[in-house]
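Please read the structure below before turning to the comments.
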Amino acid sequence: MSSPPIVTRFAPSPTGYLHIGGARTALFNWLFARGRGGKFLLRIEDTDRERSTPEATAAILQGLTWLGLDWDGEAVSQFDQRHRHAQVAHEMLDRGTAYRCFSTQDEIAAFRAAQEAAGVSYAVFQSPWRDADPATHPDAPYAIRMKAPRTGETKINDTVQGIVTVRNDQLDDMIVLRSDGNPTYMLAVVVDDHDMGVTHVIRGDDHLNNAARQQMVYDAMDWAIPVWAHIPLIHGPDGKKLSKRHGATAVGDYQAQGYPAAGMRNYLTRLGWAQGDAELFTTDQAKEMFGLEGIGRSPARLDFKKLESTCGWHLARTDDAALLHEIDAYLAAANRPALTVAQRDLLLRAMYCVKDRAKTFPELIDKAQFALTSRPIDIDEAAGKALDDVSRGILKELTLRLQNASWTKEELESILTEVATAHGIGFGKLAAPLRAALAGRSATPSVYDMMLVIGLDETIARLQDAAA
RNA sequence: GGCCCGUUCGUCUAUCGGUUAGGACACCAGGUUUUCAACCUGGGAAGAGGGGUUCGACUCCCCUACGGGCUGCCA
């Protein structure tokens with residue numbers, strides 16, 4: 001309790017939908033902060049004006065909201081901080097840790113081309129302005145470059161990856177402020193993380209190399225370096241980098257496919273993180289358990305079967321009213337027609353006998369089809385086979401017996417058993433035509449549950465329809 | 001090309017020098033059951049390859065292979 005409060009952040013660039021990998025990064029940051037009484041901040045990295053769109057920002061916020069990853073305060077626009085970034089760049093200039101570079105992009109391209117022609121596969125660009133006398137500065141646009149050390153090495157002390165050493169001669173004098181006066185990502189992240197008081201930077205390991213350059217900025221400004229935690233990326237089922245051809249990569253896709261958010265959180269938490277044999281847990285438990293020590297070092301692949309299985313576990317444990325609300329949201333996200341008031345009521349009543357049989361919302365709705373549908377019942381081919389003249393006769397008799405039944409499972413059980421026995425058939429022989437009459441299908445919840453859910457009148461009506 | 005990171009059952013992973021290498025999903029078999037699902041029991045299934053270090057390596061070191069990332073006035 002005497003340790004400084006933890007501040008984490010999720011900093012996506014609004015150039016597209018919220019990626020499943022980004023969602024997991026956000027989740028790790030959220031779990032870490034929330035489990036330790038810290039803050040979880042959101043910053044939109046929109047310094048690339050060409051590619052950033054408000055639609056993408058909205059999609060990201062929506063995705064995080066659906067996943068239940070709430071952030072503290074308002075989402076910060078990185079672009080809005082540009083004057084502060086420029087100010088820091090100039091302060092670096094004053095400190096002598098940065099310099100004005102008048103090389104044009106054509107000159108830089110020519111330099112690289114010449115290097116390549118000379119057989120040098122790659123060489124860092126060395127600006128001729130690095131040590132130029134300010135008196136020789138032309139009156140022309142310039143970029144501000146970091147004056148990075150050219151010898152020695154930079155060590156990143158990463159919680160996940162260990163100590164990673166990068167040779168300084170591999171790094172160029174990165175541009176911190178573009179010639180148009182706008183900051184680059186490298187500068188902006190560092191300034192914002194510092195200004196926002198971020199203590200733990202948990203992000204994809206595609207930034208691992210960048211951390212070395214960013215650390216130079218921290219050093220140049222004499223700022224405290226945050227705790228680094230670079231987590232491995234998520235790959236598709238084939239082990240390749242996740243891309244559109246793997247199917248769902250946007251979290252919105254998962255919502256539209258009807259995966260419950262709680263299951264997504266659980267599954268995503270276990271993707272690249274583990275604590276012993278813990279597999280299935282609530283979000284509160286996850287907050288308790290989650291820690292940087294449990295993060296793995298190798299990339300993980302998506303496994304939809306396991307996702308579904310995890311979701312099924314959560315579906316069965318969510319209370320009925322909450323499930324109904326989630327289903328409403330799912331229907332809207334999937335562009336499916338909303339439930340009527342009557343259907344919502346029926347679904348709520350059917351919930352107990354379908355929720356532990358389904359893994360996703362569409363599956364749950366399908367299993368509750370007997371309750372949501374209305375007469376006349378559409379009887380499919382497989383179910384229809386159970387409806388022959390003999391079984392119709394039995395259903396007629398059953399209808400009479402049911403007229404005055406008290407609608408309890410016990411009584412229904414005894415009536416059905418009596419009817420079956422009277423005709424010298426097994427219960428299964430009676431259940432098949434009953435299922436056909438009640439649901440029009442051969443695979444349904446228990447016939448008792450269906451009758452209890454739809455009620456006496458509707459049961460009688462459906463039986464009469466089928467027996468006719 | 002250069003640099004950085006990674007590699008345990010099909011998949012997610014446990015293991016932090018000594019284990020019959022454990023769990024979960026998936027798969028297979030059986031059970032339960034009015035159908036389907038759920039559920040229960042059981043089964044097969046792994047240390048990329050090669051060198052070291054060590055009494056002893058999945059664990060530590062090196063090489064190779066494979067995968068990924070970075071190498072921009074993108075983020």
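Just so it is clear: chains get the letters A, B, ... in the order the sequence lines come, proteins before strands, and each one is counted from 1.
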Strictly under 3.5 Å: I want the nitrogen or oxygen pairs between protein and nucleotides 35-39 of chain B, one per line.
| from | atom 1 | to | atom 2 | distance (Å) |
| --- | --- | --- | --- | --- |
| B:U35 | O4' | A:R435 | NH2 | 3.1 |
| B:U35 | O2' | A:S442 | O | 3.2 |
| B:U35 | O2 | A:S442 | O | 3.3 |
| B:U35 | O2 | A:T444 | N | 2.8 |
| B:U35 | O2 | A:T444 | O | 3.2 |
| B:U35 | N3 | A:T444 | O | 2.5 |
| B:U35 | O4 | A:S446 | N | 3.4 |
| B:C36 | O2 | A:R357 | NH2 | 2.5 |
| B:C36 | N3 | A:R357 | NH2 | 2.3 |
| B:A37 | O2' | A:R357 | O | 2.8 |
| B:A38 | OP1 | A:K359 | NZ | 3.1 |

Do the charged groups of A:R441 and A:D366 touch, with an N to O distance under 4.0 Å? yes
Give me the distance, rounded to whole Å, that separates B:U20 from B:U15 when you measure between the C1' atoms they each carry. 15 Å
Over how many whole Å does the gap from A:I231 atom CD1 to B:G6 atom P extend? 15 Å
Find which nucleotide of RNA chain B each of A:H207 and A:R297 is nearest to by heavy atoms, and output the residue with the more 5' nucleotide. A:R297
Go through the N and O atoms of the side chain of A:N210 and the base of B:A75, and report whether any donor-acceptor pair is under 3.5 Å. yes
Along RNA chain B (nearest heavy atom to each residue), the more 5'-positioned of A:L302 and A:I163: A:I163
Using a 4.0 Å heavy-atom cut-off across all strands, classify A:T154 as base, sugar-phosphate, or nothing. nothing
Does anything in residues 263-281 of chain A form a salt bridge (charged side-chain N to carboxylate O under 4.0 Å, His left out)? List the pairs, not counting sequence neighbours. A:R270-A:E279, A:E279-A:K306
How far, in whole Å, is B:C16 from B:A37 if one measures between their P atoms? 40 Å
Opposite nucleotide pairing with B:G47, Watson-Crick or G-U, both atom distances under 3.5 Å: none
Under a 3.5 Å limit for both distances, which nucleotide forms a Watson-Crick or G-U wobble pair with B:C3, could you say? B:G69
Of the listed B:G23, B:G6, B:C25, the closest approach to the A:S309 side chain comes from B:C25
B:G51 and B:A65: how far apart are their C1' atoms, nearest whole angstrom? 14 Å
Below 4.0 angstrom from OP1 or OP2 of B:G72, is there any side-chain N or O of A:T184? no
State the pairing partner of B:U59; accept Watson-Crick or G-U wobble contacts with both distances under 3.5 Å, and report none otherwise. none
Below 3.5 Å, does any donor atom in the side chain of A:Q170 face an acceptor in the base of B:G2, or the other way round? no
Using a heavy-atom cut-off of 4.0 Å across all strands, would you classify A:A300 as base, sugar-phosphate, or nothing? sugar-phosphate
Short side-chain N/O contact from A:R112 to OP1 or OP2 of B:G72, under 4.0 Å: yes
If I take atom OG1 from residue A:T57 and atom CD from residue A:Q62, how far apart are they, to the nearest 0.5 angstrom? 13.0 Å
Could you work out, with side-chain hydrogen bond (donor to acceptor under 3.5 Å, both in side chains) as the rule, every residue matching A:Q285, not counting sequence neighbours? A:T282
Can you find a donor-acceptor pair, distance only, under 3.5 Å between A:D277 side chain and B:G22 base? yes
When rounded to whole Å, the CD to P distance for the pair A:Q215 and B:C4 reads 16 Å
Measuring only the P atom in each nucleotide, how far is B:U8 from B:A14? A whole number of Å is fine. 10 Å
Going by heavy atoms in the side chains, are A:N182 and A:H85 under 4.5 Å from each other? no
Contact class for A:M186 (heavy atom, under 4.0 Å): base, sugar-phosphate, or nothing? base
Testing A:I225, A:V190, A:N157, A:N210 for side-chain contact (heavy atoms from CB on, under 4.5 Å) with A:Q215, which one passes? A:I225
Span that lies between the C1' atom of B:G47 and that of B:G10, in whole angstrom: 16 Å
Only pairs with both distances under 3.5 Å count, Watson-Crick or wobble alike; so what is the partner of B:U41 in this structure? B:A29
For the pair A:S391 (side chain) and A:D388 (backbone), establish whether a donor and an acceptor sit closer than 3.5 Å, ignoring hydrogens and angles. yes
Is it true that A:D192 and A:R84 make a salt bridge, defined as a side-chain N closer than 4.0 Å to a carboxylate O? no
What is the base-pairing partner of B:U11, counting Watson-Crick and G-U wobble geometry with both distances under 3.5 Å? B:A24
Any donor-acceptor pair, under 3.5 Å, between the side chain of A:K306 and the base of B:A24, if you only look at N and O atoms? yes
